[in-house]
Structure formats: C-alpha cells, structure tokens
Number of protein chains: 2
Amino acid sequence: MNAYTEKLITFYRSHKRMPTYAELATLWSFKSKNAVFRVVGKMVAAGIVAKDHLGRLVPTSTFQETPVLGLVKAGLPSAIDGVETYGIDESEMISFDEFLIKDRAKTYILEVDGDSMIDAHIAKGDLVIVERAEKARDGDIVIAEVDGEWTMKYFREQKHDTGPWLEAANKNYAPIYPEHSLRIAAIVRGVVRKY
Amino acid sequence: MNAYTEKLITFYRSHKRMPTYAELATLWSFKSKNAVFRVVGKMVAAGIVAKDHLGRLVPTSTFQETPVLGLVKAGLPSAIDGVETYGIDESEMISFDEFLIKDRAKTYILEVDGDSMIDAHIAKGDLVIVERAEKARDGDIVIAEVDGEWTMKYFREQKHDTGPWLEAANKNYAPIYPEHSLRIAAIVRGVVRKY
DNA sequence: TTGCCTAGTGAACGAGCGTTCACTATACTG
DNA sequence: CAGTATAGTGAACGCTCGTTCACTAGGCAA
C-alpha cells in the first residue's frame, strides 16, 4: 500500500468516483499526465486498479473493503501485529455490503424489537438483514405472518401434526402452531449491531 | 423508484462507476443523447443523482444502500407492506459500510472465537468491527493485551484498587485484574453475523 | 567516458464527453 | 380547429479525456 494507492483510494472514497488523469496529476504532484499514465499502468499490471473498455479507471475490491485480521482469541499474535504495524497487505478484505447482501432487489433491513430471539443472540435494537422469500427451510429464522400477526421466529417444518410451526429462541415464549394461516415473508440472512 | 433509476443503479452496482450519456441512451433505449440529457436533468433536480464540477454523474446515497423498513415486532403492518409492494420510496436507507465504519484507517475486522462475551450476544463465528485506540471508557468492549495475552472483554475503569480491569460477559469467566500490564489495542464498534 | 535505463516534462493527437440547437411527432387544451 | 406543451431525434459545438511522441535530466554499469 504505497502513497499513490493511498491517495487514490482516499479520492475514490470521498468523491465516489475514480479521478481523471489530470486530477491524478494534481493528487500525486506530477506536472505531466504522462507520468500519471505510467504509474497507473503499473497499478493496473499489479491488479490494484482496473481499466474500462475505453480507458477509464475502475476500482477493484480494495477500494470499499476492510481488512480481516484474524481470530480474537486463537492465533491472535500475528493477527494483532497487523493492528499495530499496519501490515495489512496479506490479510483478507471484505465489504460488508457485499458480504451481507446477495440479492439486492430482495433484501431489506428491519430493526429488532422484543426479546423472543435472544437465545439466538438477536437482541432488541439489532438490525436484521432479511431476504424476501415465500418458502423457508427448517431452522431458518423467518419473518412471518401467523394468524394475522407478524413475528420473527425459527421456522420448523413438520414434526408437529398440523404442519409447519414457529419457535422462539427464548424459553419464556411458547411455540406457535398456526390456526388459520402461516405466511413466510422473509428469511433472516444476517444480524448487525453497532455500539 | 422508476424504471430509469432502477437501470441506472443496476449499471452502477455492476460496473462500479456511473455510465456516460451514450451508455445511458443504450440502457434506456433512447436514440438521442439529448433525451438522456433531459431525463438526467430531472433526476438531478429530484436529488436522485448529482453532477460533478464538470458534468459527470456522481452517485448519491441511494446507490449503495439498503432500505430499512421498520421494527420487526412493533409498528409492523405498514412496514411489512413495503416488503410486499416494493413501496420503499419513503423508507430510510443505509449502507453497512458507512453505517459501521467511522474511521476507515483505524478500522479492522476480527473473527470471534470463544464464548466469553456470550451474554453480550457476541458469539463464536461473529465478526467484530474494531477501531484502533489506546484508551477506552468504562463499559466499552475492548481488544486488549493483559499480561501478555490477548482477549476481548468489557473494559472497567477503576472501582478496583489496582486500577482498570477486564470483565467477561459470561459468569463462567472470572474478572481479570492485570498483574503487570494492560494495554488496549482496539475498541469494538459493531458486530456482524451472517447465516 | 560512454551507453543505457528510469522518471519526469510538455506538446500534440483523435476520440468521446456533456451540452446546445433546430426540428418533428404526438397528445392535451381551449 | 388552431395553439401549446411534452418527448424524442439528429447533427453540431467546444472541451477534456486517455494516449502517444519527442525530449531532458539523473543514476548506474561497463
């Protein structure tokens, strides 16, 4: 991660687009676009950036991602070295948006209220990433309408005579055996909590 | 969210840059760039996209974000309507990357191992977003090196004669009163879990 | 010293950019 | 029916784009 790359990424993150060669000349303190042209050429060769079908720069994965350093408890020594020394070149990088969302058109966020899924470590105030779906598999955490009321629970397929039912992750809540209707609206794909 | 906007956002997400007017003409099935020019003009007026200091299109918040529909348990009726009807125009939108990360240069991701923070609903396999820091405040969840070992715990300031100490969120783990050293490496800012 | 590589300058190129203008066809208004 | 918006076409504009070429200065090897 050299100085050129750093400034380029900073530009991209603040402007939400790639700079032109003229802008890069200013950014990198070159007086000629040709100097920029050759530095960019090396970056492309190194896979730091990519080029469009007609010359324009396109960001690679590096630009929106955050380094994953390792386990918090096991194998930490070398990982935590990274925290101190900025030695992030070899670590994995992820973007939360890409990590959490598979099908954008079907994905929504809901804020959690209540404690019925607390034993699954989904607490009040957490955000859940849900994906619209009509069907779920046993064990999925689903957003469902059961007998006219909406709720988030574990989906249980069969095992009870009356067909699919719902189970809370909290022993204070009884299982829900739908009387009239059970309609799946979405499946929970992830949980996010911020402090 | 009309058809023009949808196609534009799709283009941006797959190409990671804004299209040119010529590309938009193809995308929107116009034969003239002028038709594009006027549609874009209305979009800019409506705040859907923005323009650069020299004409080029720049994405707004809409482009990388996901709609937040509402609470899972309370006030759900209207919110869940959104899930079904795509009526997402009025809902809040967030980008996880922007939501979770304040200072990119100081932020890293760690994978959680062990169950010492389980009562804080941070389980094995979760990812924690941490921000490098030397100091923490009472109650923060920190990544720290205590007497040569790395751990994730609640940071407790004073209250014990020997100075700051660490507390697990699991009654099976005893509090940690550092004998020689307690060094804060990072503060936990968020948790992410994927199913 | 000579020769060669590297890094940078500065001018020039065609192509594609966003934008403007003149014009056409359709639809709504009185 | 004429009159006026509205939406689209197609050609043209100046400007900036990425790229190329010719040239200069410094460093290193033979």
Closest to side chain of B/Phe30, choosing from D/dT9, C/dT9, D/dC17
D/dT9
State whether A/Asp115 and A/Lys124 are salt-bridged, where the test is any N-O pair (Lys NZ or Arg NE/NH1/NH2 against Asp/Glu carboxylate O) under 4.0 Å.
no
Report the distance from atom CZ of A/Arg17 to atom C1' of D/dT16, rounded to the nearest whole Å.
12 Å
Between C/dG8 atom P and A/Tyr21 atom OH, what is the distance in whole Å?
16 Å
Rounded to whole angstroms, how far apart are CZ on A/Phe37 and C1' on D/dG18?
7 Å
Distance check needed: D/dC13 C1' versus B/Asn34 CG, whole Å only.
13 Å
Any side-chain N or O of B/Lys42 less than 4.0 Å from the OP1 or OP2 oxygen of D/dA7?
yes
Tell me the interatomic distance from A/Lys31, atom NZ, to D/dT24, atom P, rounded to whole angstroms.
17 Å
CD/B/Gln64 to CD1/A/Ile101 distance, rounded to the nearest 0.5 angstrom?
9.0 Å
Taking atom NZ as the centre, does B/Lys51 end up with more than 12 heavy-atom neighbours from other residues, nucleotides or ligands that are less than 6.0 angstrom away?
yes
So for A/Lys33 and D/dG18, does any side-chain atom that can act as donor or acceptor lie under 3.5 Å from a complementary atom in the base?
yes
What closest approach, in Å, do A/Leu24 and A/Pro19 show between heavy atoms, and which atom pair accounts for it?
CD2-CG, 3.5 Å
Within the pair A/Lys51 and D/dT19, is there a side-chain N or O less than 4.0 Å away from OP1 or OP2?
yes
Spacing between A/Asp52 atom CG and C/dA15 atom C1', to the nearest angstrom
15 Å
Do A/Ser32 and C/dG10 share a donor-acceptor pair, side chain to base, under 3.5 Å?
yes
What integer distance in Å separates A/Met18:CE from C/dC17:C1'?
19 Å
Given atom CZ of A/Arg38 and atom P of C/dT9, what is their separation to the nearest angstrom?
10 Å
